[in-house]
Amino acid sequence: MSRLVGTVAIAAATTLCACSQKEAATTDTTKIAQAGAPGTPAANNASLGSFDPATHTAVIHAKDFAFDAPDSITAGWTTFHLVNDGPNLHHVQIVRLDSGKTAADFGAAMQAAAKSHAPPPSWMVFAGGPNAPSPKAEAEATVDMPPGNYVLICMVDIPDHVPHFAKGMIHPLKVTAATGSAAAEPTADATVSLADYSFTTQGSLTAGKHTIKVVNKGPQPHELELVRLAPGKTIKDANEFMEKAYAGKADGPPPFDALGGIASEIPGMSEYFTADLTPGNYAFLCFVPDAKDGKAHLEHGMIKEFKVN
Ligand SMILES: [Cu+2]
């Protein structure tokens, strides 16, 4: 298990000391620094990313290796609709930058952390976001967004263990004071609690559409990535496929569909994602690197398989 898990970093690396593993050896820290520097925003096609203040919905397109996302949204509950244009897996990790910090500060801190393996500074607040859907698929998460400065980043590091934000997937986002009527907090029909190291589900995940609340009961940051295994396939098959993908030897389609979820959120935070479940075998996975040993949380047992009838 640990062998396969170590390479399945679908949505890896929230704690910077995660870089003490493979990422540190291969990450080009110059690129990381440049990623956060002014004047080098992710390449944008302004026609795809958008924000609708009436519905409080932000549409974000992800591709290799750029986001097309709005530059500014208004505060409050916001639905982030992620379209993965592929060809790789991508997600949106929302990071709030407190204490007046900027995207350039973020880039510099990530560069320093890649060298020192220090934990992220307290002004860097991991605030969830839509986790990775498969290429050519979509995912949606609803997050309460206080006013402030943020960056949207992709921490997926397939295929070469270099996180995508170091390749251009970083997009500054400004959240301004709310105007007009606020969006209501979503109503969930199931809740998944995250803990060190477990997923606990309340409510039944039956076939059909669900709004799922994800609560981090800590003490570490955690994420939830939802995958549906192809018929007859197991988590072991998924891991073996990912090992090949990192080696550049993937043959055939993956034995799973990535369905999104919630990117890394700090303890105490809760947000929502939607999922349309069909009968089959599923799993919740957390790839966040452990604060103590840098291993992905799923290596500490933070993986939960379940069946939908
Ligand atoms: Cu990506």
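Bear in mind the structure is a predicted one, so any value in this text is a computation, not a measurement. Both counts, for ligands and for their atoms, begin at 1 and track the order of listing.
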> When clusters are formed by joining ILVMFWY residues with side-chain heavy atoms under 4.5 Å apart, either directly or through shared neighbours, do Val175 and Ile60 land in the same one?
Replying inline: yes
>> If I consider every N, O or S atom in His164, which one ends up closest to the Cu ion (ligand 1)? I only need its name.
In response: ND1
> Between Phe67 and His171, is the ring centre distance below 6.0 Å?
Replying inline: no
>> Students often mix this up, so state it plainly: with edges at 30° and 60°, are the rings of Tyr246 and His161 parallel, tilted or perpendicular?
In response: parallel
>> I need the SD(Met169)-the Cu ion (ligand 1)-SG(Cys154) angle, rounded to 10 degrees.
In response: 110°
> Strictly under 2.8 Å, is any N, O or S atom of His91 next to the Cu ion (ligand 1)?
Replying inline: no
> Of all the N, O or S atoms in His90, which one sits nearest to the Cu ion (ligand 1)?
Replying inline: ND1
> In terms of ring plane angle, is the pair Phe51 and His56 parallel, tilted or perpendicular, where the classes change at 30° and 60°?
Replying inline: perpendicular
